[in-house]
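None of the values given here were measured: they were computed from a predicted structure. When a ligand or atom number is given, it counts from 1 through the structure's own listing order. We use all heavy atoms of the structure for the numbers below, so side chains are in, but hydrogens, waters and symmetry mates are not.
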Amino acid sequence: MSLKVSIISLGCAKNLVDSEVMIGHLHQAGMSVIPEADKADVVVVNTCSFIDSSKEESINHILEVNQQRGMRKRNQAQKLIVAGCMAQRFNKDLPDALPEVDAFIGLDQVTKIVPIIDDIYAKERAAGDKPVTFHEGRSTWIPDYDTPRFRLTPKHFAYIKIAEGCNHPCTFCIIPQIRGRHRSRTVESVVKEARQLVAEGVKEINLISQDTTYFGMDTWEQRPNPRTPVDSGRGTALTTLLRELNAIEGDFWIRLLYTHPAHWSDELIKTIAECPKVARYIDIPLQHISDHMLGKMQRETSGDYIRDLIARIRAGIPGIAVRTTFIVGFPGETKADVDELAEFIEQTKFERLGVFRYSQEDGTRAAKMEEQVAKKTKESRWHRLMALQKDIAAQVSASYVGKALRVLVEEPGVARGEADAPDIDGRVYVDKKLKVGEFHDVVITGFHEYDLLALPPGVEPREYKVAKQAQ
Ligand code: F3S
């Protein structure tokens with residue numbers, strides 16, 4: 001059946017890869033995938049369920065698609081499928097809560113999207129029938145290098161999901177319950193995929209999973225002696241993977257996202273330092289610095305460990321930009337905890353930093369903890385840390401002025417440096433004539449908060465002019 005399908009992809013890059021896998025399978029079956037939901041025969045909403053606001057966003061999209069199809073006569077036969085983390089997490093409740101949906105599919109059913117669509121058309125629902133649910137319990141699936149996939153990112157950058165699931169016990173997080181236990185791909189599988197992407201012209205490979213530093217560790221216990229160190233040599237480990245990716249011929253960056261502080265090693269620091277294709281950038285969510293909070297969050301780290309690790313990373317990888325995130329307002333957080341965090345941020349001067357207000361998520365242990373922090377307190381703690389980081393970010397940006405920087409051009413006039421992950425960090429405004437999707441060497445002439453300018457003096461990006469006029 002030649003159908004037109006539209007996919008609305010919400011949530012993180014891991015979910016985006018799942019959307020890409022669905023599109024790959026749809027194309028393989030001869031179906032066309034179109035951006036306009038109102039012109040599609042089938043709309044798939046690939047949802048996120050991380051915190052309340054992401055659930056709300058997912059539900060709003062579902063209701064909006066349903067409302068739109070009700071408004072146009074030609075759309076009334078349109079099918080609505082809900083996939084992703086929300087469908088996986090609430091597979092028992094959603095069919096009753098959202099009867100307007102035609103089908104819900106779990107995370108491991110992304111490769112079965114075509115037979116599922118066929119099935120929905122084959123068995124038309126009678127009015128009043130419940131939506132169909134395609135769900136096979138706990139998620140265990142992981143893509144391989146030959147899994148059909150159609151990339152939604154620009155030609156020059158791509159995500160590779162090197163592992164899926166999470167074994168960490170963080171008390172605030174629901175993701176392990178949604179995405180299942182950690183399972184890694186093989187080094188060979190990831191390298192094959194990366195080779196293919198580089199051959200297609202990709203200039204930046206972003207390695208993702210729930211915890212990239214845990215890559216391979218789930219396979220270690222199958223070794224005769226699980227204590228034998230394998231993060232050097234031939235074992236399945238991130239260090240082995242990075243060295244093999246670095247050996248692929250071509251001009252490209254490898255970017256490491258979502259690392260966990262508990263699994264960093266000196267060998268990993270040395271490997272990054274010795275692999276020039278690995279971007280001088282690490283994403284390492286620390287969540288807090290006070291032992292009181294780290295203990296309650298079950299982060300498997302301590303303040304002293306984190307301080308020492310950041311110092312070792314900075315000493316071992318010259319020029320590294322460290323991105324982290326913190327949570328404020330976690331149950332039981334005191335003023336002293338926040339003071340300690342503020343002092344740590346002030347001293348460490350992270351190149352990139354985000355702060356989240358704690359969100360009380362049903363199904364997590366933290367949600368049941370006493371001493372939940374009042375919304376107003378969370379808010380004021382968040383403002384305090386963000387104001388602090390704004391000054392630090394200005395100092396970091398100022399330190400680039402007058403220096404040469406290699407950038408990857410994203411769109412005419414807008415680029416990113418090694419210290420900027422796609423869709424997360426700042427931008428570098430460059431000459432519009434620089435070719436999109438290519439590396440260029442520029443000199444930084446100025447900055448504006450988190451963004452850098454590599455433009456002749458007096459020339460400003462259009463966005464700034466518009467912002468000034470609006471003031
Ligand atoms: Fe990502 Fe949201 Fe799922 S953050 S892993 S899409 S819950």
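- Ion pairing between Glu193 and Arg185 holds under the 4.0 Å rule for side-chain N and carboxylate O.
- Side-chain contact, Arg179 with Asn15: a donor N or O sits under 3.5 Å from an acceptor N or O.
- With hydrogens and angles left out, the side-chain atoms of Asp211 and His263 include a donor and acceptor closer than 3.5 Å.
- With Phe330 as the partner, the side-chain contact (heavy atoms from CB on, under 4.5 Å) test is satisfied by one option alone out of Gln360, Lys378, His292, Met369: Met369.
- A cation-pi arrangement, defined by a distance under 6.0 Å to the six-membered ring centre and an angle within 45 degrees of its axis, is absent between Lys203 and Phe252.
- The protein atom (non-hydrogen) at minimum distance from atom 5 (S) of ligand 1 is Arg179 NE, 3.5 Å.
- Less than 2.8 Å away from atom 2 (Fe) of ligand 1, the protein contributes these N/O/S atoms: Cys48 SG.
- Residues meeting the side-chain contact (heavy atoms from CB on, under 4.5 Å) test with Leu63, sequence neighbours left out: Ile59, Leu98, Glu100.
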